[in-house]
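Every chain is numbered from 1, with letters handed out A, B, ... down the list of sequences.
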There are 2 protein chains.
Amino acid sequence: MSDTDDVSVSVVLPAGGTGERFGSSMPKQFCPVMDRPIILYTLHEFHRLSCVKHIVVVVSQPYMDYMEELVESHGYSKIMVVRGAQTRHRSIYNGVKTLKSVLEPSDVVIIHDAVRLFIDASTIQEVAKASKETGAAGVHRPLISTVISSDGCGYLEESLDRNRYCASEMPQGFIFSVILSAYEKATDHDFDFGTECLHLALKYAGTKARLIEGPHNLWKVTLRKDLYAAEGMLKENELQVQVVGCCDRDLVTHLQQDFAARHLKMTVCDSMETCDLVDTNCTVYYYTQFDCDVITEYTENHHEEQKKDGIVARTPFMDKVIVHVIRSEDKVMDCCRKVREAMQGKTKSWRKKHLLVYFVLSETKASVAVVSEMVASVIWTRDPVMAGQTYMAFD
Amino acid sequence: MSDTDDVSVSVVLPAGGTGERFGSSMPKQFCPVMDRPIILYTLHEFHRLSCVKHIVVVVSQPYMDYMEELVESHGYSKIMVVRGAQTRHRSIYNGVKTLKSVLEPSDVVIIHDAVRLFIDASTIQEVAKASKETGAAGVHRPLISTVISSDGCGYLEESLDRNRYCASEMPQGFIFSVILSAYEKATDHDFDFGTECLHLALKYAGTKARLIEGPHNLWKVTLRKDLYAAEGMLKENELQVQVVGCCDRDLVTHLQQDFAARHLKMTVCDSMETCDLVDTNCTVYYYTQFDCDVITEYTENHHEEQKKDGIVARTPFMDKVIVHVIRSEDKVMDCCRKVREAMQGKTKSWRKKHLLVYFVLSETKASVAVVSEMVASVIWTRDPVMAGQTYMAFD
């Protein structure tokens with residue numbers, strides 16, 4: 001989780017936006033992706049790192065209680081919730097001031113956006129180390145559009161050379177004394193119209209920030225389309241598939257291809273005894289006949305393991321998906337009836353325990369390719385309303 | 001489809017990129033979204049407009065045949081496929097030169113990117129009219145990140161005032177003589193390192209482009225995450241749901257809420273006779289008992305209507321989704337067996353005719369809210385491998 005060389009950091013996370021540009025009644029940082037508010041993914045990534053000592057989340061007044069509840073219900077211990085202000089800089093300054101009581105002047109403060117949820121540990125450390133050395137550091141990315149200016153009458157004035165400029169992204173890092181004194185000296189004009197913390201550090205603390213090329217995952221959720229992008233990438237990054245006890249090698253090969261096509265990681269495990277219930281969150285079990293007791297036991301083991309997960313896990317708040325594949329010589333409709341009768345009540349209670357359980361039934365003569373595609377589709381879609389459904393692959 | 005005041009345009013669509021930044025073996029413009037290559041959505045939007053006279057698609061050599069096939073198989077008649085070159089400007093110039101034989105000097109040429117698939121008719125006309133008047137026009141959007149420059153040693157040099165600059169996007173429009181003479185005079189340096197057509201028009205044709213604030217849908221697919229964004233927004237924009245013959249008002253209310261939550265448009269129609277099979281692409285039928293003949297007739301009517309669609313339809317190449325909801329007093333497992341036995345062979349052949357047919361079965365005592373969520377989930381997911389599946393809502 002942490003290297004002994006890691007620089008300790010505290011974090012200010014401005015999350016006070018009202019979502020005007022987003023076209024939604026709910027500010028984008030609180031919009032759900034895979035049933036959880038975006039900010040939770042960002043918070044969690046910081047909170048689980050031992051190098052992170054304090055996190056100040058700055059939210060607007062109407063969301064203070066909601067945010068406090070979110071922090072409490074997830075058992076987060078390093079988070080302070082602070083009230084936001086009218087502009088981005090004023091909100092960040094509120095967060096920075098809150099750290100006065102707990103930080104030394106030479107400590108490092110990381111500023112990040114709640115809506116850049118794919119922040120990773122190595123970028124945090126890279127920015128932290130550079131800012132410890134230089135006083136300030138930030139990440140940048142290549143421009144994806146040419147930057148132009150208008151002459152004030154709606155005509156092209158200037159077109160910047162795309163190779164000379166880049167986009168300033170988050171996170172940024174500062175020695176605490178640098179960012180604090182920059183904000184202390186900033187003018188009302190800076191607070192009301194400025195957008196760039198690195199600029200304030202240069203202007204008021206004389207600190208020339210180190211620029212680091214960041215990874216492409218630092219993009220921020222800006223428009224509603226980005227919610228779909230966030231969901232897709234969360235799935236790609238987080239879903240870990242494990243196939244257990246599948247004696248049909250042909251099916252395993254198809255599953256490998258189908259999950260690879262969706263950019264998901266998949267491991268294979270021959271038996272229940274040796275499989276890993278902690279680090280995978282999607283498990284596919286394979287049976288050649290329906291056995292209610294076995295299915296129940298395997299499923300409930302996941303719940304037991306899940307309870308042991310700490311808040312340091314990568315994504316402890318994601319529902320687990322379990323797909324039971326039954327490929328037998330029985331008529332698939334007969335098998336379906338058995339599964340439904342035995343499992344109906346259980347799948348409901350499993351769903352409450354954050355286990356999404358699905359069944360894929362197949363006659364032995366049905367195409368292995370179709371069974372595999374169905375399993376991959378169920379895991380990717382992982383729709384809670386479909387928990388308990390039986391999918392049937394016929395000849 | 002077209003206003004008599006519309007300005008006639010020809011279009012150059014550079015699609016020669018190799019997808020390096022995209023991290024995929026396939027260039028992004030050919031990556032599938034909802035089973036169709038991205039470029040097809042962009043092409044179709046231009047092609048269906050009567051104001052569009054010629055479209056030149058510029059692709060790299062290895063994709064020439066593929067592109068020709070795509071054009072032919074969709075019956076597009078206004079498209080010329082031209083070979084790309086090493087840089088963006090050289091490729092666009094190839095496209096512009098191709099139009100010499102068919103355009104007058106005062107005609108309007110629109111340049112757009114294949115990977116900006118949400119281009120709309122009104123933006124095309126706005127750009128066309130402005131360029132007809134001014135000689136050149138382009139759309140811009142507010143910057144979403146601050147633009148900075150480095151001092152060459154990796155430290156911050158300058159931070160631009162975000163309020164003074166904006167991002168230049170596509171489409172752009174030009175009087176043919178303006179863009180042609182700009183390219184004729186451009187230097188090798190322009191061709192190799194330049195990125196901005198408006199800049200060339202200013203520098204070599206003395207034409208100061210008119211800048212128009214574009215809608216937010218002009219974003220381009222740049223990273224793989226954008227494929228998910230494209231899929232989500234295509235669904236939001238294109239899926240038109242129609243609920244037919246649903247006498248359960250409570251269910252209709254739930255469906256309205258569930259589709260609205262997914263930003264989908266839904267209409268209600270009391271009978272099969274008055275419903276619109278052409279302009280909707282997702283139809284939900286409601287029954288209080290299973291009747292194989294009725295279901296078959298209703299489903300196959302869609303295929304007949306589909307064949308009548310011309311290539312001027314908004315999205316003629318999207319599979320239609322049909323959900324048959326059967327909410328009866330029968331035991332749901334018994335109903336399931338009946339549906340499976342009667343429908344199994346048919347759903348396969350319907351799938352080949354681009355009809356994705358699903359069944360949602362519910363006992364009358366089951367929750368209407370669950371039935372509605374299931375229907376919305378099936379339509380949103382519209383997974384071809386699940387065509388023919390029966391989803392069961394129990395008490």
Contacting moiety of [X], where chain B heavy atoms sit under 4.5 Å:
X	answer
Glu158(A)	side chain
Leu202(A)	side chain
Cys336(A)	both
Ser377(A)	both
Glu341(A)	neither
Glu373(A)	both
Met392(A)	both

Chain A interface, residue from [options] that has the most non-hydrogen pairs under 4.5 Å:
options	answer
Ala201(B), Gly232(B), Ala376(B), Gly388(B)	Gly232(B)
Asp383(B), Leu211(B), Thr390(B), Asn217(B)	Leu211(B)
Ser149(B), Gly138(B), Gly152(B), Ala136(B)	Ser149(B)

Distance alone, cut at 3.5 Å: any donor-acceptor contact between the side chains of [X] and [Y]?
X	Y	result
Ser145(A)	Ser168(B)	no
Thr87(A)	Asp192(A)	no
Thr195(A)	Thr146(B)	yes

Among Glu157(A), Gln389(A), Met233(A), residue most engaged with chain B (heavy-atom pairs, under 4.5 Å) =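 So the answer, after comparing Glu157(A), Gln389(A), Met233(A), is Gln389(A).
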Does a side-chain N-to-carboxylate-O contact under 4.0 Å join [X] and [Y]?
X	Y	value
Lys225(A)	Glu236(B)	no
Asp151(A)	Lys208(B)	yes
Arg210(B)	Glu133(B)	yes

Pick one: which of Thr381(A), Val378(A), Ile379(A), Val325(A) meets side chain to side chain contact (heavy atoms under 4.5 Å, CB included) with Tyr358(A)?
->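 Of Thr381(A), Val378(A), Ile379(A), Val325(A), side chain to side chain contact (heavy atoms under 4.5 Å, CB included) with Tyr358(A) is met by Val378(A) alone.
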Taking the six-membered ring where the residue is Trp, are the ring centres of Tyr165(A) and Tyr165(B) under 6.0 Å apart?
->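 Tyr165(A) vs Tyr165(B): aromatic centres not under 6.0 Å.
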Under 4.5 Å from a heavy atom of chain A, the part of Arg340(B) involved =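 Answer is side chain: those atoms of Arg340(B) sit under 4.5 Å from chain A.
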Please look at Thr134(B) and chain A and tell me whether the side chain, the backbone, both or neither of the residue comes under 4.5 angstrom of a heavy atom of that chain.
->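 Contact with chain A involves the side chain of Thr134(B) alone.
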